[in-house]
Amino acid sequence: MSVGLQRLREEPDLIRRGALDKGEDAALVDRALELDARRRRLLGEADGLKAERNRASKQVGDAIRGGAAPDGPRVAAFRAASVAAGERIAALDAEAAAVEAELEDALLRIPNPADPDVPVGDADANVVVRTWGDLLPRAGAGPDGPWERKPHWDVAEALGIIDLERGAKVAGSGFPVYRGAGAALQRALIDFFLGVHTRENGFTEIWPPAVVNAASARGTGQIPDKEDQMYVITRDELYLVPTAEVPVTNLHRDEIFEPDALPVRYAAYTPCFRREAGAAGKDTRGILRVHQFDKVEMVLFERPEASGEALEWMTGRAEDLLRRLGLAYRVLLMATRDMGFVQAKKYDLEVWAPGVERWLEVSSCSNFRDYQARRMAIRYRPAPGAKPELVHTLNGSGLALARVVAAILETYQRPDGSVVVPEPLRATLGTDTLLPS
RNA sequence: GGAGAGGUGCCGGAGUGGUUGAUCGGAGCGGUCUUGAAAACCGCAGGGCCUUCGCGCCCCGUGGGUUCGAAUCCCACCCUCUCCGCCA
């Protein structure tokens, strides 16, 4: 994942500005430029010598075929020339490789510049773009007088649908067990999301592996950026996926799309595994922050000129799901220092959870422009026979289940402890109300 | 897990040390012909690097090695296929 060298050379100021806006070190830009110049100098010199060596080698062959003695003086001279060039080439190549490694390292630490319309600043600068639905207060007015909405963990316990203790027993804390209607609710949500995406939004459904190899983890930047967030199966050198983004984006690694192939739009369900290292003690109750959760992810490959519009569209698709579930939410345009290293523009969708009176992040929709594509070498041909160019990649949750479940339980609970099932899920669940056990 | 075969360009498929970065076929693109299309014929046609654009350099699964010279020889690893074993 990196900015392009060509762009770095042509617009160093823009890249520098982008790094500063994201709170990163802009000096790396100059470091990279310097390394790039050195690398090109070394490469040029080495290439010249290689041409010499190739010529000498060819002369050996020509001389022998022309009747010269294979061990005669003429042939020996050509051989010597080739060997001499070879020695210098080896030295230059070694140096070039070292410089290139340094350059790569510098490039990797230069962030993707944010789009011009992204607010500059930290979380305070995030912009609420829109809000939808009624923000229910914790205190409600029921048929038998005032009542207090409960947090989802209390609702879930009364219904007997989430078993955190037994999850901790069989796997560990942060691995919830969904039971009965709770399990069916998971299945219903996954089916609802995928159904809308495939039948109405034109996505192709993908059911990818839940583990990836090191090359794939590197492709989307999990290695080295977020390595300690992933569960690793060391014996087989595999990583449990933290999101479907990883396997699905890597589907087209090192590929070239033909002119009429784009856009390619995938919707994929996977369980997601996250170690949540460094988040100990945060959101420990309920299912707001867990090590395993379920998510349907949207992954888009777009032509560069279409990616800006595609982000708005994709965000709209995620919002549509929340509306149909009748959950109040807001859309945040994330500011430069709160959006992440690799995103060019990002919207977060936060659902309102009246039981805990908090906004819960249930989707994050990002445009990476060509930043991810460069690292994974995902390209497209603008026209038949034309030179390949990098595609733009985007992805967004549509949606993440655990927090949606929390919001449903808190939004649709009733004073008697029952929970109304949102309309789109009723057919699968076979009921319109969940009753306390 | 055991045995065998193989990994070459968009696909198929040649090539086992010296203009082979790669024969050939198909698909593709451009053209001729045609009212149009098909067919036929001609031509173009892999990816990347370098502000030296050059009959320049690198790439035939990946990484090393041998050699003046490697797609071709050697070693390791990865992957695919077939058979056997095991198994949801």
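So you know, we letter chains A, B, ... as the sequences are listed, proteins then strands, and number each from 1. Scope of the values below: all heavy atoms of this structure, side chains included, with no hydrogens, waters or symmetry mates.
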Could I get the full list of side-chain contact (heavy atoms from CB on, under 4.5 Å) partners for [X], not counting sequence neighbours?
X      : result
A:E45  : A:L92
A:A76  : none
A:A353 : A:V356, A:L360, A:E410
A:S418 : A:R414, A:D416, A:T433, A:L435, A:P436

Any Lys/Arg nitrogen of A:E305 or A:R303 sitting under 4.0 Å from an Asp/Glu carboxylate oxygen of the other? yes
One thing to verify: whether A:D21 and A:R17 come together as a salt bridge, which I'm taking to mean a side-chain N less than 4.0 angstrom from a carboxylate O. yes
List the atom pairs, with distances to 0.1 Å, where a side-chain N or O of residues 308-321 of chain A and a protein N or O form a donor-acceptor pair under 3.5 Å, not counting sequence neighbours.
unit_1	atom_1	unit_2	atom_2	d
A:E312	OE1	A:Y347	OH	3.1
A:E312	OE2	A:K345	NZ	3.3
A:E312	OE2	A:Y347	OH	2.9
A:T315	OG1	A:L311	O	2.7
A:E319	OE1	A:R130	NE	3.0
A:E319	OE1	A:Y329	OH	2.6
A:E319	OE2	A:R130	NE	3.2
A:E319	OE2	A:R130	NH2	2.6
A:D320	OD2	A:R324	NE	3.2
A:D320	OD2	A:R324	NH2	3.1

For A:R403, all residues meeting salt bridge (charged side-chain N to carboxylate O under 4.0 Å, His left out), sequence neighbours excluded: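 A:R403 satisfies salt bridge (charged side-chain N to carboxylate O under 4.0 Å, His left out) with no residue once adjacent residues are dropped.
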Tell me, please, which residues at least two apart from A:E237 pass salt bridge (charged side-chain N to carboxylate O under 4.0 Å, His left out).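 With neighbours one apart ignored, the set is empty.
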I'd like the [atom1] distance from [M] over to [N], given in whole Å.
N     : M     : atom1 : answer
B:G64 : B:C10 : C1'   : 31 Å
B:C33 : B:A40 : C1'   : 9 Å
B:U67 : B:C74 : P     : 16 Å
B:U8  : B:C53 : C1'   : 28 Å
B:C68 : B:G61 : P     : 25 Å
B:G21 : B:U34 : C1'   : 38 Å
B:G7  : B:U16 : P     : 13 Å

Sequence neighbours left out, what pairs pass side chain to side chain donor-acceptor pair (under 3.5 Å) with at least one residue falling in residues 175-193 of chain A? A:Q186-A:D294
Does a side chain donor of either A:E205 or A:T198 reach within less than 3.5 Å of an acceptor in the other side chain?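 Looking only at side-chain atoms, A:T198 and A:E205 do not form any donor-acceptor pair under 3.5 Å.
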Are a donor atom and an acceptor atom from the side chains of A:S57 and A:N54 found within less than 3.5 Å of each other?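 There is no such pair (donor and acceptor under 3.5 Å, judged by atom type) between the side chains of A:S57 and A:N54.
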Nucleotide by nucleotide, nucleotides 57-80 of chain B touches protein heavy atoms under 4.0 Å in the pattern (B base, S sugar-phosphate only, - none) SS---------BS-----------
Could you pull out the protein-nucleic contacts involving nucleotides 44-47 of chain B (nitrogen or oxygen on both sides, under 3.5 Å)?
unit_1	atom_1	unit_2	atom_2	d
B:G47	OP1	A:R381	NH1	3.0
B:G47	O3'	A:R379	NH1	3.0

Taking Watson-Crick (N1-N3 plus N6-O4 or O6-N4) and G-U wobble (N1-O2, O6-N3), each under 3.5 Å, can you produce the dot-bracket string of RNA chain B? Use [ ] for crossing pairs and | for inter-strand ones. ((((((((.[[[..)..(.....]]].(((((.......))))).(((((...).)))).[[[[[..)....]]]]])))))))....
Using atom CG of A:D36 as one end and atom C1' of B:C49 as the other, report the distance to the nearest whole Å.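 Going from A:D36 (CG) to B:C49 (C1'), I get 11 Å.
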Are any protein N/O atoms closer than 3.5 Å to N/O atoms in nucleotides 51-54 of chain B? If there are, list each pair with its distance.
unit_1	atom_1	unit_2	atom_2	d
B:U51	OP1	A:R40	NE	2.9
B:U51	OP1	A:R40	NH1	2.2
B:U51	OP2	A:R40	NH1	2.8

For atom CD of A:E227, decide whether the heavy atoms of other residues, nucleotides or ligands shown that lie under 6.0 angstrom number more than 12.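 Check passes, neighbour count above 12.
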